[in-house]
*Asks:* 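What follows is a structure written as structure tokens; I'll ask about it next.
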Amino acid sequence: MYPSMKISGCIFDMDGVVVDSAKHHFTAWKMLADELSIQFSKQDNKLLKGLSRLDSLEKILSLGSLELDSKTKLQLMDKKNSIYLYLVSKMGENEILPGVKDLILELRREGIGVCLGSSSKNATVILKNVNLFNLFDGVVDGNHITLSKPDPEVFLKGAEILGLSPSECIVFEDAASGVEAALSGGFFALGIGDASELSSANSVVTDLSGMTLKKLNQITG
Ligand code: B16
Ligand code: MG
């Protein structure tokens, strides 16, 4: 399907690929769930990977069989986001996931376009907090899209910013919905994490430690 692909662009999902912000999402959602007397575990939090903020709230409410009106949902999302923003304001370079920065630096040296493709509306602030923002040629996040993953919009916009077609780009994703988005957009989907959860990806690696352009060429070749 991808005969001798020439890698010209790399589009990175953020949460779970570039930084581990899932733990901060969990803390913030857990505080909200406790207030609503909804049981919410770390296992449940995995269901929220890659989902938009509203879809995440809906999922949590469904765990407690709770139905709320739109105004209350907006208030709850604002509250969760304030807690989350406080938590991520403490993030530093030590929360960049293994191998990511070295890989991005190598890609840039080799003239390969580097873009972010995240569902989060907080991507810019997080990338700035961990000192990575300036290494991206483009940042597409939840503020720039109308359709959430598994729709490919976020990655298609990323490819457009890089001036490339999807077939020239790899998407790095830790969520099944993101892998689906990449594949339906015509990208090479490299799953990051548990192969059993990302079985539809073109290839899966546990994490990006030790990842190089040479290895990416072997994976896509
Ligand atoms: P926010 P990603 C996603 O980021 C997270 O995986 C998901 O858990 C979160 O609900 C979503 O961002 C929205 O985040 O509340 O910050 O807008 O994995 O697409 O980089
Ligand atoms: Mg993710």
Side-chain angles (χ1 to χ4, degrees), residues 10-33 40-63 73-89 91 95-97 100 114-130 132-133 136 138-158 170-182 185 187 189-194 197-198 201 204-208:
C10 287
I11 304 180
F12 292 84
D13 169 57
M14 185 180 70
D15 179 28
V17 172
V18 173
V19 287
D20 179 18
S21 35
K23 62 183 179 210
H24 302 308
H25 278 299
F26 175 67
T27 305
W29 281 129
K30 176 79 180 144
M31 286 175 82
L32 209 74
F40 180 61
S41 66
K42 283 194 174 158
Q43 202 56 31
D44 296 326
N45 193 52
K46 289 187 180 174
L47 301 172
L48 311 184
K49 257 190 204 179
L51 297 190
S52 69
R53 200 177 303 166
L54 178 59
D55 289 346
S56 302
L57 176 64
E58 304 272 20
K59 184 73 96 184
I60 291 169
L61 294 178
S62 74
L63 291 173
K73 284 194 252 187
L74 276 176
Q75 285 167 346
L76 290 174
M77 284 194 289
D78 280 353
K79 191 165 185 181
K80 182 266 174 179
N81 201 48
S82 305
I83 302 167
Y84 181 68
L85 281 176
Y86 170 75
L87 295 170
V88 301
S89 72
M91 284 177 90
E95 289 187 67
I96 300 172
L97 288 167
V100 171
V114 178
C115 190
L116 193 88
S118 167
S119 305
S120 174
K121 292 188 171 173
N122 299 304
T124 296
V125 69
I126 292 174
L127 290 182
K128 285 186 175 168
N129 287 347
V130 302
L132 280 182
F133 184 75
F136 285 86
V139 171
V140 185
D141 72 11
N143 298 296
H144 308 112
I145 53 172
T146 50
L147 299 164
S148 304
K149 300 169 187 175
D151 189 279
E153 183 183 12
V154 66
F155 298 133
L156 292 173
K157 286 205 164 157
I170 302 182
V171 166
F172 298 72
E173 250 299 344
D174 72 315
S177 60
V179 165
E180 211 182 303
F187 297 86
L190 180 59
I192 312 292
D194 186 340
E197 288 173 19
L198 303 168
V204 181
V205 293
T206 315
D207 57 40
L208 290 175

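Counting starts at 1 for both ligands and their atoms, following the listed order.
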*Asks:* Identify the closest protein heavy atom to atom 15 (O) of ligand 1: which residue and atom is it, and at what distance?
*Replies:*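 Protein heavy atom with the smallest distance to atom 15 (O) of ligand 1: Arg53 NE, 2.8 Å.
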*Asks:* Can you establish whether the number of heavy atoms outside Lys46 located under 6.0 Å from its atom NZ is more than 12?
*Replies:*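 It does not: Lys46 NZ has 12 such atoms or fewer within range.
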*Asks:* Are any of the N or O atoms of Gly50 closer than 3.5 Å to those of ligand 1?
*Replies:*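 There is such a contact, yes.
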*Asks:* What atoms of ligand 1 come within less than 4.0 Å of a heavy atom belonging to His25?
*Replies:*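 Every atom of ligand 1 under 4.0 Å from some heavy atom of His25: 1 (P), 9 (C), 14 (O), 15 (O), 16 (O).
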*Asks:* Give the name of the N/O/S atom in Asp174 that lies closest to the Mg ion (ligand 2).
*Replies:*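 Going by distance to the Mg ion (ligand 2), the closest N, O or S atom in Asp174 is OD1.
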*Asks:* Contact between ligand 1 and Lys149 is defined here as a heavy atom of the residue under 4.0 Å from a ligand atom; is it met?
*Replies:*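 Yes, Lys149 has a heavy atom closer than 4.0 Å to ligand 1.
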*Asks:* Identify the closest protein heavy atom to atom 19 (O) of ligand 1: which residue and atom is it, and at what distance?
*Replies:*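 For atom 19 (O) of ligand 1, the nearest protein heavy atom comes out as Ser119 N, 2.7 Å.
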*Asks:* Please say whether Trp29 places an N or O atom under 3.5 Å from an N or O atom belonging to ligand 1.
*Replies:*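 No.
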*Asks:* Using a strict cut-off of 4.0 Å, indicate which atoms of ligand 1 neighbour a heavy atom of Ser118.
*Replies:*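 It comes down to these atoms of ligand 1: 2 (P), 4 (O), 19 (O), 20 (O).
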*Asks:* If you count the atoms of ligand 1 from 1 in the order shown, which ones are under 4.0 Å from a heavy atom of Ser56?
*Replies:*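 So the atoms of ligand 1 that pass are 10 (O).
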*Asks:* Step through the shown structure and confirm whether more than 12 heavy atoms of other residues, nucleotides or ligands are within 6.0 Å of NZ on Lys73.
*Replies:*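 Yes, NZ of Lys73 has more than 12 neighbouring heavy atoms, counting only those of other groups under 6.0 Å.
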*Asks:* Determine the sole option in Phe187, Phe155, Phe172 for which the ring pair (Phe, Tyr, Trp, His ring centres under 6.0 Å) test with Phe12 is passed.
*Replies:*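 Exactly one candidate clears the test, Phe172.
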*Asks:* Begin with the C-alpha distance, continue with both residues' side-chain angles, and end with the deciding distance and a verdict on side chain to side chain contact (heavy atoms under 4.5 Å, CB included) for Val154 and Asp13.
*Replies:* CA-CA 10 Å; Val154 66; Asp13 169 57; over 6 Å; no
*Asks:* Grab the two heavy atoms, one from Glu153 and one from Thr146, that are nearest each other, plus how far apart they are.
*Replies:*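 Between these two residues, the closest heavy atoms are OE1-N, 2.8 Å.
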*Asks:* Considering only the protein, which heavy-atom contact is closest to atom 1 (P) of ligand 1, and what is its distance?
*Replies:*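 Going atom by atom, the protein heavy atom closest to atom 1 (P) of ligand 1 ends up being Ser120 OG, 3.5 Å.
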*Asks:* Is a donor on one side and an acceptor on the other found under 3.5 Å between the side chain of Asp15 and the backbone of Ser21?
*Replies:*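 Here the side-chain-to-backbone pair exists.
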*Asks:* What atoms of ligand 1 come closer than 4.0 angstrom to any heavy atom of Leu48?
*Replies:*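 Near Leu48, meaning under 4.0 Å from one of its heavy atoms, ligand 1 has 7 (C), 8 (O).
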*Asks:* Which residue and non-hydrogen atom of the protein lie closest to atom 2 (P) of ligand 1, and at what distance in Å?
*Replies:*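 So the nearest neighbour among protein heavy atoms is Asp13 OD1, 2.9 Å.
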*Asks:* Would Lys128 and Phe133 count as a cation-pi pair here, with the cationic atom under 6.0 angstrom from the ring centre and within 45° of the axis?
*Replies:*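 Relative to the ring axis of Phe133, which defines the angle, Lys128 lies inside both limits.
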*Asks:* Flag Asp13 as yes if one of its N/O/S atoms falls below 2.8 Å of the Mg ion (ligand 2), otherwise no.
*Replies:*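 Given the 2.8 Å cut-off, Asp13 counts as a ligand of the Mg ion (ligand 2).
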*Asks:* So Met14 and Val19, side chain to side chain contact (heavy atoms under 4.5 Å, CB included) or not? Walk me through it.
*Replies:* CA-CA 6 Å; Met14 185 180 70; Val19 287; 3.9 Å; yes
*Asks:* Of all the N, O or S atoms in Asp15, which one sits nearest to the Mg ion (ligand 2)?
*Replies:*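 Result: O.
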*Asks:* For atom 5 (C) of ligand 1, which protein heavy atom lies nearest, and how many Å away is it?
*Replies:*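 Nearest neighbour among protein heavy atoms for atom 5 (C) of ligand 1, to 0.1 Å: Asp15 OD2, 3.3 Å.
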*Asks:* Show me which atoms of ligand 1 lie under 4.0 Å from any heavy atom of Met14.
*Replies:*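 With Met14 as reference, the close atoms of ligand 1 come out as 20 (O).
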*Asks:* Identify the closest protein heavy atom to atom 7 (C) of ligand 1: which residue and atom is it, and at what distance?
*Replies:*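 Answer for atom 7 (C) of ligand 1: Leu51 O, 3.4 Å.
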*Asks:* Looking only at protein heavy atoms, identify the closest one to atom 17 (O) of ligand 1 and say how far it is in Å.
*Replies:*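 The closest one turns out to be Lys121 N, 2.6 Å.
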